[in-house]
Amino acid sequence: MLLRLRAALLIIGIASCSGATFAHGPTPQKVDEKITIAAQPDEVWKVVKDFASIASWHPAVSKIKVEGSGNETTRTVTLKSGGELVDSLDAVDDKAMELNYRLQNEDFAALPVSSYSMAITVQPADGGSQVEWISRLYRFDTGNEPPEDKNDDAAVKATTEFIKAGLNGLKTKLESKK
Amino acid sequence: MRRRLAIASAIAISVAATCSHGAAYAQSVYVLSQDDGILSTIDAKTDEITDKISLDGKPAAFTIDAANEKAYVTLPDSGEIAVIDLHRRVVSARFKIGGQPFGIASDRHDRLFVGDWGANRISIVNADTGIVENSLAVGRSPAHLATTRDGDRVYVADRESNNVAVIDTSALSVLKEVAVGRAPFALALSADEQQLAVANVQAATLSIIDTRSLSVVASSPTRAMPYGVAITNDNSEILVANQHGGSVSIYDARSHLEQGEIKVGRYPEGVGTLADGSKAYVANWFSASVSVLDLKSKTEIKRIACPEGPRMVLVAGQPD
């Protein structure tokens, strides 16, 4: 009797755990990074809007595979660390010079997040450009007791580093063209 | 002495018939900020924040019980519901119900319907005692809830199951699970309670459910990541907040075609409209601001700075 009750409790426990891994969790986190680049906005935007270009400027990226077209475009970004990020393109706004995409997979080896959406915008600034890269993301473990490497801080830290490295790589690529 | 609050709604609450005469009411707009844990009140005449109530935690969603002048706020991280006395403007109770409470609705009969994001169920909570009296299995990751005026039905957006669960609140049973687009998150019930608008985040569509046949009668494409939805009280327009692109799209509520788009702050989420349909308020999650939209001219007329992480807006009116 007692044994049966325990088994039932165990099943409930498993059920709620598996629910949490599918879910995106309750508190979205924010990352906001900017960089100025000594290149004209249209020149910068041409690189940023090309969904395949990340392999040519992000130092953490080793390989990219782009599939589909238009709003059905997805890319598989393989990182030098070994992980993979599968991104789906949401919008390319030439007028606002804004690119939007979001994560389709979960890969702890790539980034300790369960989901993110990204927006990269290009604006004129001081004769050159300012690129702003923002993200809304959820930690990898969306349960209420996440371990340290899967909590909000870990997710924000890793995503901030990924974005910063990308912006620096973008700057290097565009400024070395001159 | 009990003043009556009348409610116009964004996500969880439909509009009380008593508040359709906008001029007779001083309306308040309530904005819930998750990161700073604050419920702000905006005076709809001056469009300024007049009051802030601290929740001590990371509140995700709330509902207002008009007759009792109370707001009930979910705190998923701590498994709590905070009860706010809107008259005294204080947190008057905290119910520890456990799990990850997210979407919430009141059945107007002292029962709260609370979605548990991680456990895929709706808890039925006594609004006075905080005791969980019952629970009902729904689809995966219940997000926002909407309820009818007399509380006979609750609609639940089951985000990870791609459907809307329709709950009969007297029988405490799921009448139907209506398949919608991928990742439904926000809901809005029209004032006549005939149509339910559903914003599907991943599909980038707006589904319209006929509440009599409980079937999807229209589906319109939206911009990327629609996270908030509201219907004006006269049932003429549906407002959808698009996180990507930072805008609110306005749809004709009959043809379900997009009529216009208004740029707002970044990553907008919850939307609420005033009872007379003159203005709408949009929570800009990333920008930590509220956009005030003039619905006649279809323009943003003000942006109000607010505490960090605003996600949900409800509009309530009360007699002057």
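Chain identifiers are assigned alphabetically (A, B, ...) following the order of the sequence lines, protein sequences preceding nucleic acid strands; residue numbering begins at 1 within each chain.
A salt bridge does not link B:Lys298 to B:Glu261: none of the charged nitrogens lies less than 4.0 Å from a carboxylate oxygen. Of the charged side-chain nitrogens involved, none lies within less than 4.0 Å of a carboxylate oxygen, so that B:Lys96 and B:Glu80 do not count as a salt-bridged pair.
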Test A:Thr36 against A:Asp126 for side chain to side chain donor-acceptor pair (under 3.5 Å), laying out the working first. CA-CA 9 Å; A:Thr36 53; A:Asp126 303 327; over 6 Å; no
Using the side-chain contact (heavy atoms from CB on, under 4.5 Å) rule, take B:Val73 and B:Leu32 through it: C-alpha gap first, then chi angles, then the decisive distance, then the call. CA-CA 9 Å; B:Val73 185; B:Leu32 188 62; 3.9 Å; yes
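Chain B is approached within less than 4.5 Å, heavy atom to heavy atom, by no residue from residues 158-166 of chain A. Using a 4.5 Å cut-off between non-hydrogen atoms, the part of residues 76-96 of chain A that approaches chain B consists of A:Asp90, A:Asp93.
Between A:Ile54 and A:Ile64, some side-chain heavy-atom pair lies under the 4.5 Å cut-off. In this structure, B:Val229 and B:Leu206 have side chains that are in contact, with non-hydrogen atoms separated by less than 4.5 Å.
Stacking of A:Arg75 on the aromatic ring of A:Tyr101 is recorded, both the 6.0 Å distance cut-off and the 45° axial limit being met.
In this structure, B:His144 and B:Phe102 have tilted ring planes: the angle between them lies in the 30° to 60° band.
Looking at B:Asp35, the atoms closer than 4.5 Å to chain A (heavy atoms on both sides) all sit in the side chain, from C-beta outward.
Your options are B:Lys58, B:Met225, B:Arg223, and the one with the most heavy-atom pairs under 4.5 Å with chain A is B:Met225. Contact count versus chain B (heavy atoms, under 4.5 Å) is highest, among A:Arg136, A:Glu98, A:Lys30, for A:Arg136.
The environment of NZ in B:Lys263 is crowded: more than 12 heavy-atom neighbours from other residues, nucleotides or ligands sit within 6.0 Å.
No side-chain donor-acceptor contact under 3.5 Å links B:Gln243 and B:Arg266.
Nearest approach of B:Ser207 to B:Gly181, heavy atoms of both residues: OG-N, 3.9 Å.
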